[in-house]
A.B. asks: 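Quick one: the structure is below, questions incoming.
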Amino acid sequence: MNTDAASQQAEASRAKKLTYAVVFGLIFGFLLQKGGVGKFHILIGQLLFQDWTVIKVMVSAIVVGMLGVFALNAMGKVKLHIKNTRLGANIIGGLIFGFGFALIGYCPGTTAAALGQGNWDALFGIVGLMAGSYLYAELSGWLKNTVETWGDKGKVLLPDLVHIRRGTFIAGFAAFLVLALIVLERFTFR
Amino acid sequence: MPKLILIALIAGLPNLLSAGVPDARDYSGPAWSPYLVGALIGVLAWFTFAISDKPIGASSAYASAAGLLGKLFARKHTESLNYYKDNPPKLDWELLFVGSAILGAFIAALTGGEITNRTLPPFWEERFGTGSVALRVGIGFLGGVLMALGARIAGGCTSGHGISGTLQLNVASWIAVICIFAGGALLANLIYRL
């Protein structure tokens, strides 16, 4: 009886959690499309340095997200989710990802946005993303013991690198990023 | 007179060099200000952290989907794989998040009159022609494979590293996102400018 109630409660909490995933996902997809990053020419245009929309969206998200998440973290309201810095994996994985990004012209999140707005070619990317994920899983035992061990530095934040107090770094970095956005706005067509 | 010709030549040089290169600026821009959209994504990140204890991310959803499919066809083999032992495939937060992002984008495009209903993007057609569907299938698939492989090795994609990791000032994410754009810009410029 007791365990029944407990399992029912767990089930309800899981359902609630997943409902939030749906709500947040809807908002994310909506924003990506409104931001133009479901459009093939805007994504490829960024890689060709013709259209700076992608960087503008990302840097704005970083500034606002950083200020809020670290404030909430300081108040004990949120946990940070820091992944280990693994030089080999971050560099090699990032470059491989970049080559794939240049080929398809969408990234994993914007693939969803592209499909939602009716770019049917995003479907080929989704099949590829799933195939690539499975291929990674096939190789994961080997990668885990090779590439993913190279240059493992543990959990490091930018302020740790320069030995500046976190709050000070965030204030300075936010100002720097906003300045970068102002320069971008001044010197780019879009 | 020779001076004038010289000036004309120098002024025209960038156009000459970029002759035939498609230009993203000839096509439509974003519906909303990129700064507004970015700021709202930043606010969304506060909520995913505070309510769901999750950073925004996209690539692992495809890994979950692939694992679920793999279990359907080869259950034992899929479950024996190192990655799926650590990350058992299920209908999880990330998969629902990305799945409903498709619907969210649909709503945005519908309300903004931006439904495209096309297989080939116009920019792609400008470079590869209107009959290049087979090429697009192959390149799109290969691009997807490389992105998934790269994202899993690097530990995230343009969302997980590019937004969520960078906003947490994670060194791993800043390295990964710089490499993503460096690799992407290198290959894209080779493909579209040569």
A.B. asks: For B/Arg25, look at atom CZ and say whether over 12 heavy atoms of other residues, nucleotides or ligands are found less than 6.0 Å away.
C.D. replies: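 Count over threshold, so yes.
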A.B. asks: Would you mind checking which part of A/Leu48 comes under 4.5 Å of any heavy atom in chain B, side chain (CB onward), backbone (N, CA, C, O), both or neither?
C.D. replies: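 Both the backbone and the side chain of A/Leu48 come within 4.5 Å of chain B.
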A.B. asks: Sort A/Leu123 into side chain, backbone, both or neither according to what part of it lies under 4.5 angstrom from a heavy atom of chain B.
C.D. replies: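 When you check distances to chain B, no heavy atom of A/Leu123 falls under 4.5 Å.
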A.B. asks: Side chains of B/Trp46 and A/Val64, heavy atoms from C-beta outward: is any pair under 4.5 Å?
C.D. replies: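 Side chain of B/Trp46 against side chain of A/Val64, heavy atoms only: contact under 4.5 Å found.
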A.B. asks: Please check if the number of heavy atoms outside A/Lys16 that lie under 6.0 Å from its NZ is greater than 12.
C.D. replies: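 No.
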A.B. asks: Roughly how far, to the nearest 0.5 Å, is CD1 of A/Ile55 from CG of A/Leu184?
C.D. replies: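 Atom-to-atom, A/Leu184:CG and A/Ile55:CD1 are 7.5 Å apart.
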A.B. asks: Using non-hydrogen atoms only, which part of A/Phe189 is less than 4.5 Å away from chain B: side chain, backbone, both, or neither?
C.D. replies: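 Contact with chain B is through the side chain of A/Phe189 alone.
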A.B. asks: For the candidates A/Gly141, A/Ala137, A/Gly36, which exhibits the highest count of non-hydrogen atom pairs separated by less than 4.5 Å from chain B?
C.D. replies: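 Heavy-atom pairs under 4.5 Å are most numerous for A/Ala137.
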A.B. asks: For chain A, which candidate among B/Gly156, B/Ala58, B/Ala148, B/Gly160 shows the most heavy-atom pairs at distances under 4.5 Å?
C.D. replies: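 Greatest number of close heavy-atom pairs with chain A: B/Ala148.
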A.B. asks: If we define contacts as heavy-atom pairs under 4.5 Å, which of B/Gly29, B/Ser60, B/Ser159 has the most with chain A?
C.D. replies: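 The residue among B/Gly29, B/Ser60, B/Ser159 with the greatest pair count is B/Gly29.
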A.B. asks: For the atom pair OG (B/Ser52) and CG (A/Leu18), what is the distance rounded to the nearest 0.5 Å?
C.D. replies: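 Between atom OG of B/Ser52 and atom CG of A/Leu18 there are 9.0 Å.
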A.B. asks: Find the one option among B/Ile107, B/Leu149, B/Val98 whose heavy-atom pairs under 4.5 Å with chain A are most numerous.
C.D. replies: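 Of the options given, most contacts go to B/Leu149.
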A.B. asks: Can you tell me how far the OG1 atom of A/Thr19 sits from the CZ atom of A/Phe24, to the nearest 0.5 Å?
C.D. replies: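 A/Thr19 OG1 to A/Phe24 CZ: 10.5 Å, rounded to 0.5 Å.
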A.B. asks: Does B/Ser59 form a side chain to side chain donor-acceptor pair (under 3.5 Å) with B/Arg152? I'd like the steps, not just the answer.
C.D. replies: CA-CA 8 Å; B/Ser59 60; B/Arg152 290 280 62 76; 3.2 Å; yes
A.B. asks: Just to be sure I understand the criterion: a residue of residues 71-79 of chain A counts if one of its heavy atoms is under 4.5 Å from a heavy atom of chain B. Which ones qualify?
C.D. replies: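 Answer by number: A/Leu72, A/Val78, A/Lys79.
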A.B. asks: Examine whether an atom of A/Glu185 lies under 4.5 Å from a heavy atom of chain B, and if so say whether it belongs to the side chain, the backbone or both; otherwise answer neither.
C.D. replies: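 Both parts, heavy atoms under 4.5 Å.
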A.B. asks: Quick one: side-chain contact (heavy atoms from CB on, under 4.5 Å) partners of A/Thr85, sequence neighbours excluded?
C.D. replies: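 In terms of side-chain contact (heavy atoms from CB on, under 4.5 Å), with neighbours along the sequence ignored, A/Thr85 is linked to A/Leu87, A/Asn90, A/Lys153, A/Val156, B/Asn170, B/Val171, B/Ala172, B/Ile175.
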A.B. asks: Is it the side chain or the backbone of A/Leu143 that comes within 4.5 Å of chain B heavy atoms, both, or neither?
C.D. replies: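 For A/Leu143, the side chain is the part near chain B, not the backbone.
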A.B. asks: Examine whether an atom of B/Lys54 lies under 4.5 Å from a heavy atom of chain A, and if so say whether it belongs to the side chain, the backbone or both; otherwise answer neither.
C.D. replies: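 Contact with chain A: backbone only.
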A.B. asks: Among B/Ala151, B/Pro30, B/Ser33, who wins on heavy-atom pairs under 4.5 Å with chain A?
C.D. replies: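 Among B/Ala151, B/Pro30, B/Ser33, the one with the most close pairs to chain A is B/Pro30.
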A.B. asks: If you tally heavy-atom pairs under 4.5 Å against chain B, which of A/Val37, A/Leu181, A/Val147 wins?
C.D. replies: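 Of A/Val37, A/Leu181, A/Val147, A/Leu181 has the most heavy-atom pairs under 4.5 Å with chain B.
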A.B. asks: Chain A heavy atoms under 4.5 Å from B/Ile191: which part of the residue, side chain, backbone, both or neither?
C.D. replies: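 Just the side chain, heavy atoms under 4.5 Å.
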A.B. asks: To the nearest 0.5 Å, how far apart are CG in A/Leu32 and SG in A/Cys107?
C.D. replies: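 Atom-to-atom, A/Leu32:CG and A/Cys107:SG are 8.0 Å apart.
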A.B. asks: How long is the straight-line distance from CD1 of B/Ile163 back to OG1 of B/Thr158, given to the nearest 0.5 Å?
C.D. replies: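 The CD1 atom of B/Ile163 is 7.5 Å from OG1 of B/Thr158, to the nearest 0.5 Å.
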A.B. asks: Tell me which of these, A/His81, A/Gln46, A/Lys17, has more heavy-atom pairs under 4.5 Å with chain B than the rest.
C.D. replies: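 Of the candidates given, the most pairs with chain B belong to A/His81.
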A.B. asks: Does any heavy atom of chain A fall under 4.5 Å from the side chain of B/Leu110, the backbone, both, or neither of them?
C.D. replies: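 For B/Leu110, neither part sits under 4.5 Å from chain A.
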A.B. asks: Contact part of A/Lys144 toward chain B, heavy-atom cut-off under 4.5 Å: side chain, backbone, both or neither?
C.D. replies: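 The answer is the side chain of A/Lys144.
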A.B. asks: Does the pair B/Tyr83 and A/Tyr134 meet the rule for a side chain to side chain contact (heavy atoms under 4.5 Å, CB included), with working shown?
C.D. replies: CA-CA 9 Å; B/Tyr83 175 76; A/Tyr134 204 85; over 6 Å; no
A.B. asks: So what's closer than 4.5 Å to chain B heavy atoms on A/Lys39: side chain, backbone, both or neither?
C.D. replies: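 Side chain of A/Lys39 only, per the 4.5 Å heavy-atom cut-off to chain B.
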A.B. asks: Heavy-atom distances under 4.5 Å only: say whether B/Ile178 touches chain A with side chain, backbone, both or neither.
C.D. replies: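 It is neither, since no heavy atom gets under 4.5 Å.
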A.B. asks: Which one, B/Asn117, B/Ile139, B/Leu120, leads in non-hydrogen pairs under 4.5 Å with chain A?
C.D. replies: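 If we count pairs closer than 4.5 Å to chain A, B/Asn117 comes out on top.
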A.B. asks: Report yes or no: do B/Tyr192 and A/Gln50 form a side-chain donor-acceptor pair below 3.5 Å?
C.D. replies: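 Side-chain D/A pair, B/Tyr192 to A/Gln50: absent.
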A.B. asks: What residue pairs, at least two apart or across chains, pass ring pair (Phe, Tyr, Trp, His ring centres under 6.0 Å) with a residue in residues 139-166 of chain B?
C.D. replies: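 The answer is none; no pair qualifies.
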A.B. asks: Just do the side chain to side chain contact (heavy atoms under 4.5 Å, CB included) check on B/Trp32 and B/Leu40 with the steps written out, would you?
C.D. replies: CA-CA 11 Å; B/Trp32 290 3; B/Leu40 290 175; 4.3 Å; yes
A.B. asks: Against chain B, label A/Ile44 side chain, backbone, both or neither, depending on which of its atoms sit under 4.5 Å from a heavy atom there.
C.D. replies: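 The side chain, not the backbone.
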A.B. asks: Heavy-atom count check: over 12 atoms from other residues, nucleotides or ligands less than 6.0 Å from B/Phe47 CZ?
C.D. replies: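 It does not: B/Phe47 CZ has 12 such atoms or fewer within range.
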A.B. asks: Would you say A/Tyr20 has more than 12 foreign heavy atoms packed within less than 6.0 Å of its OH?
C.D. replies: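 Not more than 12 within 6.0 Å, no.
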A.B. asks: Flag the one option from A/Met58, A/Lys155, A/Glu138, A/Arg166 with the top tally of heavy-atom pairs under 4.5 Å to chain B.
C.D. replies: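 Looking at each option in turn, the highest pair count goes to A/Glu138.
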A.B. asks: Between A/Ala122, A/Gly45, A/Ala112, which shows the greatest number of heavy-atom pairs under 4.5 Å with chain B?
C.D. replies: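 Most heavy-atom pairs under 4.5 Å with chain B: A/Ala112.
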A.B. asks: Count the heavy atoms of every other residue, nucleotide or ligand shown that sit under 6.0 Å from CZ of A/Phe49, and state whether that count exceeds 12.
C.D. replies: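 Yes, enclosed.
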A.B. asks: Under 4.5 Å heavy-atom distance to chain B, tell me which part of A/Tyr106 shows up: side chain, backbone, both or neither.
C.D. replies: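 Contact with chain B involves both backbone and side-chain atoms of A/Tyr106.
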A.B. asks: Please name all residues satisfying side-chain contact (heavy atoms from CB on, under 4.5 Å) with B/Asp92, sequence neighbours left out, ordered by chain then number.
C.D. replies: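 Listed in chain order: B/Ser64, B/Lys90, B/Glu94, B/Leu95.
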A.B. asks: Under 4.5 Å from any heavy atom of chain A, what part of B/Leu44 do you find: side chain, backbone, both or neither?
C.D. replies: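 Only the side chain of B/Leu44 comes within 4.5 Å of chain A.
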A.B. asks: Who among B/Asp23, B/Leu146, B/Leu167 has the most heavy-atom pairs with chain A under 4.5 Å?
C.D. replies: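 Of the options given, most contacts go to B/Leu167.
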A.B. asks: Take A/Leu161 and A/Phe169 through the side chain to side chain contact (heavy atoms under 4.5 Å, CB included) test and state the conclusion after the steps.
C.D. replies: CA-CA 11 Å; A/Leu161 285 186; A/Phe169 184 90; over 6 Å; no
A.B. asks: Answer with side chain, backbone, both or neither: which region of A/Arg14 has an atom nearer than 4.5 Å to a non-hydrogen atom of chain B?
C.D. replies: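 For A/Arg14, side-chain heavy atoms alone lie under 4.5 Å from chain B.
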A.B. asks: Name the member of A/Ala131, A/Gly35, A/Gly88 that forms the most heavy-atom pairs with chain B at distances under 4.5 Å.
C.D. replies: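 Winner by heavy-atom pair count: A/Gly35.
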A.B. asks: Which region of A/Phe99, side chain (C-beta onward) or backbone (N, CA, C, O), has a non-hydrogen atom less than 4.5 Å from a non-hydrogen atom of chain B, or is it both or neither?
C.D. replies: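 Contact with chain B involves both backbone and side-chain atoms of A/Phe99.
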A.B. asks: Nearest 0.5 angstrom please: A/Phe124 CZ to A/Leu115 CG, how far?
C.D. replies: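 A/Phe124 CZ to A/Leu115 CG: 10.5 Å, rounded to 0.5 Å.
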A.B. asks: Between A/Lys83 and B/Ser173, is the side chain to side chain contact (heavy atoms under 4.5 Å, CB included) condition met? List the steps.
C.D. replies: CA-CA 8 Å; A/Lys83 290 169 180 165; B/Ser173 303; over 6 Å; no
A.B. asks: With only heavy atoms counted, which part of A/Val54 is less than 4.5 Å from chain B, the side chain, the backbone, both or neither?
C.D. replies: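 Side chain only.
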A.B. asks: Is it the side chain or the backbone of A/Glu148 that comes within 4.5 Å of chain B heavy atoms, both, or neither?
C.D. replies: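 Interface part for A/Glu148: side chain.
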